[in-house]
Amino acid sequence: MGIARDRIHKRSKSGARRERNRKKRKFELGRPAAMTKLGPKRVHEVRVRGGNYKYRAMRLDQGNFSWPSQAVARKTRIIDVVYNASNNELVRTKTLVKNAVVQIDSAPFRQWFEAHYIKELGRRKP
């Protein structure tokens, strides 16, 4: 069948069923979700409308993360997927999606903090 992003299958404003008066068209095309996993970087090129390309991440192991209270962002390694409110299976399969809670490597943020404030971060006082 294929994934379609059409409105023909929807009901009209009055609630009446619409008659399917044409086939699916190329411009109504929809594609399956990437379901990006945690692992060494693997990116596929997808040709889209107008001959342009989109880059679909199949696997990723790093990303750009921000520390909002300090207004700083750094590229860092993703260690693990810890929590996902929508589905526990996404945690078990280590799927990276929007709003997933991930554990990251703190080294770049620690280095920035210690250089910026000239103070050690997270060290216990004896």
Side-chain angles (χ1 to χ4, degrees):
M1 272 306 277
I3 301 168
R5 293 173 47 246
D6 61 347
R7 290 200 185 98
I8 298 169
H9 72 282
K10 296 275 195 178
R11 288 178 179 262
S12 66
K13 280 184 180 177
S14 65
R17 280 241 185 216
R18 285 213 180 100
E19 187 185 338
R20 183 134 197 129
N21 56 2
R22 69 170 191 212
K23 294 189 213 173
K24 291 180 179 178
R25 301 295 158 100
K26 179 72 173 169
F27 62 82
E28 295 168 345
L29 171 78
R31 292 189 177 89
M35 299 300 279
T36 306
K37 301 282 192 268
L38 191 60
K41 188 176 179 180
R42 181 189 289 173
V43 178
H44 287 181
E45 269 189 355
V46 180
R47 189 197 172 275
V48 295
R49 195 166 161 87
N52 299 309
Y53 283 92
K54 283 185 176 181
Y55 298 95
R56 183 129 315 142
M58 307 312 280
R59 290 184 192 166
L60 288 176
D61 58 353
Q62 58 188 3
N64 199 35
F65 294 91
S66 67
W67 189 355
S69 62
Q70 300 294 325
V72 65
R74 292 288 180 267
K75 188 175 185 178
T76 184
R77 200 167 49 91
I78 304 169
I79 297 168
D80 194 16
V81 178
V82 180
Y83 176 74
N84 196 315
S86 61
N87 194 342
N88 272 336
E89 191 178 338
L90 299 177
V91 176
R92 189 176 52 77
T93 57
K94 299 183 190 304
T95 305
L96 299 171
V97 292
K98 190 169 161 182
N99 207 32
V101 178
V102 294
Q103 186 178 7
I104 61 170
D105 181 23
S106 65
F109 293 103
R110 184 183 301 277
Q111 289 167 358
W112 173 84
F113 188 91
E114 289 173 357
H116 188 264
Y117 290 107
I118 306 141
K119 197 176 187 182
E120 287 189 350
L121 178 67
R123 306 278 194 268
R124 298 223 177 219
K125 292 181 182 176

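The figures here come from the full heavy-atom set of this structure, side chains too, leaving out hydrogens, waters and symmetry mates.
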inquiry  = With a sphere of 6.0 Å drawn around CZ of R17, does it hold more than 12 non-hydrogen atoms of other residues, nucleotides or ligands?
reply    = no
Value rounded to 0.5 Å, distance of CG in N87 from CZ in R92 = 9.0 Å
request  = Treating Ile, Leu, Val, Met, Phe, Trp and Tyr as nodes and any side-chain heavy-atom pair under 4.5 angstrom as an edge, say whether I78 and M58 lie in one connected cluster.
outcome  = no
request  = Could you walk me through whether V81 and L90 pass the side chain to side chain contact (heavy atoms under 4.5 Å, CB included) test, one step at a time?
outcome  = CA-CA 8 Å; V81 178; L90 299 177; over 6 Å; no
query = Is a donor on one side and an acceptor on the other found under 3.5 Å between the side chain of T76 and the backbone of P108?
reply = no
message = Working to the nearest 0.5 angstrom, can you tell me the gap between K94 NZ and K37 NZ?
response = 11.5 Å
Shared hydrophobic cluster for I104 and V72 (ILVMFWY, side-chain gaps under 4.5 Å) = yes
query = Does D80 use its side chain to pair, donor to acceptor, with the backbone of V82 at less than 3.5 Å?
reply = no
query = Rounded to the nearest 0.5 Å, what separation is found between the CZ atom of R77 and the CG atom of L38?
reply = 9.5 Å
task = Taking the side chain as every heavy atom from C-beta outward, state whether R22 and E28 have any atom pair closer than 4.5 Å.
result = yes
message = Looking at F27, is its backbone amide N or carbonyl O close enough to the side chain of R49 to form a donor-acceptor pair, meaning the two atoms are under 3.5 Å apart?
response = no
inquiry  = When you compare the side chain of Q111 with that of R74, does any pair of heavy atoms fall below 4.5 Å?
reply    = no
Closest contact, heavy atoms only, A57 versus A34 = O-CB, 3.9 Å
inquiry  = For N99, I'd like to know if atom CG has over 12 heavy atoms of other residues, nucleotides or ligands within 6.0 Å.
reply    = no
Criterion side chain to side chain contact (heavy atoms under 4.5 Å, CB included) on K119 and E114, from CA distance to verdict = CA-CA 5 Å; K119 197 176 187 182; E114 289 173 357; over 6 Å; no
ask   = Does the side chain to side chain contact (heavy atoms under 4.5 Å, CB included) test come out yes or no for F109 and L121, once each step is laid out?
value = CA-CA 10 Å; F109 293 103; L121 178 67; over 6 Å; no
key: Stepwise salt bridge (Lys or Arg N to Asp or Glu O under 4.0 Å) check, K41 with D61   = CA-CA 6 Å; K41 188 176 179 180; D61 58 353; over 6 Å; no
task = Calculate, to the nearest 0.5 Å, the distance between atoms CD1 and CD belonging to I8 and E19 respectively.
result = 11.0 Å
message = Rounded to the nearest 0.5 Å, what separates atom CZ in R5 from atom CZ in R25?
response = 15.5 Å
Heavy-atom side-chain contact between Q70 and W112 under 4.5 Å = yes
request  = Write down the atom of R18, the atom of R7, and the distance for their closest heavy-atom approach.
outcome  = NH1-O, 3.0 Å
query = After noting the C-alpha distance and the side-chain angles of H44 and Y55, does the key distance pass the side chain to side chain contact (heavy atoms under 4.5 Å, CB included) rule?
reply = CA-CA 6 Å; H44 287 181; Y55 298 95; over 6 Å; no
request  = Would you kindly confirm whether L29 and V46 end up in one hydrophobic cluster when ILVMFWY residues are joined by side chain heavy atoms under 4.5 Å apart?
outcome  = no
note = Between the NE2 atom in H9 and the NZ atom in K24, the distance rounded to the nearest 0.5 Å is 9.5 Å
